[in-house]
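Remarks on the structure that follows.
Order of the sequence lines sets the chain letters (A, B, ...), proteins ahead of strands, with each chain counted from 1.
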Number of protein chains: 2
Amino acid sequence: MVKISDVARHAGVSPSTVSYVLSGKRSISAETRERVLASIRQLGYRPHAGARALASSRSNVLALMLPLRTGIHVPVVMRFATAVVTTARSFDHDVLLLTQEEGEEGLRRVADSALVDALIVMDVQLDDPRLPLLRSLGRPSVLIGFPADATDLTCIDLDFRAAAEACLTHLAELGHRDVALVGSPPEVYARRTGFAERVAEGFTATAERLGLDAGFYPCEATVEEARGLVARLLAERPGLTGVVVHNEPIAEPLVRAFQSAGRRVPGDLSVVAICPDEVAEQAEPPLTSVAIPAEEVGRRAVELLMGKLDGESVPAATLLPPALTARASSAAPAAD
Amino acid sequence: MVKISDVARHAGVSPSTVSYVLSGKRSISAETRERVLASIRQLGYRPHAGARALASSRSNVLALMLPLRTGIHVPVVMRFATAVVTTARSFDHDVLLLTQEEGEEGLRRVADSALVDALIVMDVQLDDPRLPLLRSLGRPSVLIGFPADATDLTCIDLDFRAAAEACLTHLAELGHRDVALVGSPPEVYARRTGFAERVAEGFTATAERLGLDAGFYPCEATVEEARGLVARLLAERPGLTGVVVHNEPIAEPLVRAFQSAGRRVPGDLSVVAICPDEVAEQAEPPLTSVAIPAEEVGRRAVELLMGKLDGESVPAATLLPPALTARASSAAPAAD
DNA sequence: GTGAAAGCGCTAACAG
DNA sequence: CTGTTAGCGCTTTCAC
């Protein structure tokens, strides 16, 4: 293994000079720098990560804890992860993958052992058991999602309340008066997942403000449950003309079920989804939707973390504004 | 930060004794061990990962390089990843996430800097540019998938050739004589992905052996392409009664398209898929399928790697036998 | 069964 | 602008 002293000898300088060339923490004459860089290249030198972490108390590794539980849409998680890794690399950091199952103990382990410098956690519950730990860890962290009490924490997410509002406003502007929210599976609400609740709140509040007839229906993410719910909706709410879906896997099955029941989409029933753009675009018909900006959330989570690592003060809360894209699944309701 | 010398002082022993208690590399009297462990617990001691890596030249971290390109089914990738992380943890290792985009340079970086002890790479092409690097890296690696030339490499995967054979044998035993393979998108074959080619080979060879009429049809993973292909199949192969699908996203759309064209499944047309069990179970009708054992592949990849790290000699090739589960999408062809 | 001490390879004062 | 040197916290000989 080639080490810093080998490079130093080869370039005719001291080890510290090599170190400073690499870190840029003090100015080096152009010629020495070039000579050192040439030696580094020739010898194929790579600083030893462990030695560097020991000497500098910086590992240049971030922890990313991902959810792998039910009710979470996997492709969205992967897109977050990709954005996090890619952005971390652009800051010369690597990413250590933790599963949600590792819980608080996992976070403590990688933080206390100095394996990572900072942490990103996804799928934050309103009353998440990891919160006290993250506050006391002594290492920067960023939460993707908002807990009930975010004191002393840095959070980022799509503004789900505004997203629900945008969906409903869109339907109301088209003239819909009787609307329903088809939500995530009941277990998601049971464990008090922030984004799911915020959608429900935003929906309810906006419906009230706009004076709409509104109902809220959590739903398992299976085709059968979607069919069952459609049957129920048709029976219970004969005047229903607008549906907001916040449950990726069943968005399309739901449309299918309405069509099987003889309802045209968007002729008789308009559907608006909160889901990734690809899901909305691939659907038949393409769905009007508010996108979940996974890439942007992941990228900005890392940027926030880097700011904190550099000692900057960063905003405690970042709510990304929703963007609604009108597609073929929504239109004015048929005149009675 | 509490360090090993703090623990040593607290327990009234030397640092080396603490180290040996933790590593178990030499025998310690029961009483000292208990005393040391108590001190560790009381002080909340965690060995510094970097210091440990520096002193032992072992980081206890594995690199996992995941594909994020088109034509790959994301949920399957996530299940691999989960299995890898979970298994790695059971061996007291962590997992560093790399994206395929980082390529050879990324692998070299984490290996040469001693950030990781060993590497797992997925989505191996038949002629993968990372192969020479992996051979010369001086660190153990395991490939998920088989390249054309696996000399000096350790590989594991489902036996895709046998999987195709199992599908076709199943159809043949039911009495089908005119069959088709609906394959992955053309780009997957263009970049010579091993598993896709092996399915095609296994299909072709088995069809020949069994004397079946057989055709091979790569297909983009979109609903339109699936519909287009069905139209083509109905026109070109009027006698077709059995289809093997190796393309998760369009398995169900394909069935839908056949049904729209008036073909009953499995009455007129039997469908067998190579896909994860959940996809097969969720489909309507549930699909007879050969499962992709993501969990087992991920777990065993880590086990192989651990064996190599321990200096054991492990099998160079591990081909997991396919398991076909008969479901509602296959039956004997209608009598003419 | 336990301790002392020499590094592991790098960074960051300190010194000039 | 550059060099010298003292650690960073741990593992592992060597010694008893």
Side-chain angles (χ1 to χ4, degrees), chain A residues 1-37 39-40 43-61 92 109-117 138 309, chain B residues 1-37 39-40 43-61 92 109-117 138 309:
Chain A
M1 181 204 191
V2 33
K3 46 181 108 165
I4 200 168
S5 57
D6 298 328
V7 175
R9 196 173 319 114
H10 188 272
V13 298
S14 74
S16 60
T17 298
V18 176
S19 176
Y20 284 119
V21 164
L22 251 18
S23 70
K25 287 190 182 173
R26 77 181 185 191
S27 49
I28 305 279
S29 73
E31 37 191 342
T32 344
R33 193 206 338 285
E34 284 319 315
R35 200 145 32 87
V36 169
L37 289 176
S39 297
I40 288 176
L43 303 182
Y45 168 67
R46 304 267 183 185
H48 186 288
R52 190 172 245 191
L54 180 56
S56 66
S57 24
R58 281 283 228 127
S59 68
N60 275 33
V61 175
D92 195 31
R109 181 174 57 79
V110 298
D112 286 357
S113 67
L115 226 192
V116 306
D117 296 332
L309 280 172
Chain B
M1 183 206 187
V2 33
K3 46 181 105 167
I4 200 168
S5 56
D6 298 328
V7 176
R9 197 172 319 115
H10 187 272
V13 298
S14 75
S16 60
T17 297
V18 177
S19 177
Y20 284 120
V21 165
L22 252 18
S23 69
K25 289 189 181 172
R26 78 181 183 192
S27 49
I28 305 279
S29 74
E31 37 191 343
T32 10
R33 194 207 337 285
E34 285 318 315
R35 202 144 31 85
V36 168
L37 290 175
S39 298
I40 288 176
L43 302 182
Y45 168 67
R46 305 265 183 186
H48 186 289
R52 191 169 244 194
L54 180 56
S56 67
S57 25
R58 280 282 228 132
S59 67
N60 275 33
V61 175
D92 195 32
R109 181 174 56 78
V110 297
D112 285 357
S113 67
L115 227 191
V116 306
D117 295 332
L309 279 172

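- Remark: P of dG9(D) and CG of Leu54(B) are 12 Å apart, rounded to the nearest angstrom.
- Over its full length, the helix from dG1(C)-dC16(D) to dG16(C)-dC1(D) turns its helical axis through 30°, comparing axes from the five pairs at each end and rounding to 10°.
- By the side-chain contact (heavy atoms from CB on, under 4.5 Å) test, Ile4(A) pairs with Pro15(A), Val18(A), Ser19(A), Tyr45(A), sequence neighbours left out.
- Taking Thr32(B) as the reference, Ser29(B) meet the side chain to side chain donor-acceptor pair (under 3.5 Å) condition, with sequence neighbours excluded.
- The nearest whole Å value for the distance from the CG atom in Leu115(B) to the P atom in dG9(C) is 16 Å.
- Using a 4.0 Å cut-off, no side-chain N or O of Thr32(B) falls inside it from OP1 or OP2 of dG1(C).
- Contact check, Ser27(A) against dC1(D): a side-chain N or O comes under 4.0 Å of OP1 or OP2.
- Looking at Asp6(A) and Lys3(A), no side-chain N of the basic residue comes within less than 4.0 Å of a carboxylate O on the acidic one, giving no salt bridge.
- A distance of 6.0 Å separates CZ of Arg26(B) from CD1 of Ile28(B), quoted to the nearest 0.5 Å.
- Partners of Asn60(A) according to the side chain to side chain donor-acceptor pair (under 3.5 Å) rule, which considers only residues two or more places apart in sequence or in another chain, do not exist here.
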Report summary line: Whether each nucleotide of nucleotides 10-16 of chain C has a protein heavy atom under 4.0 Å at its base (B), only at its sugar-phosphate (S) or at neither (-) is summarised, 5' to 3', as BSBBB--
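- Of all the heavy atoms in Gly12(B) and Arg35(B), the pair that sits closest is O-NH1, 4.1 Å.
- Among residues two or more places apart in sequence or in another chain, the side-chain contact (heavy atoms from CB on, under 4.5 Å) test is passed with Ser39(B) by Val7(B), His10(B), Ala11(B).
- The nearest pair of heavy atoms linking Met1(A) to Arg46(A) is CE-O, 4.1 Å.
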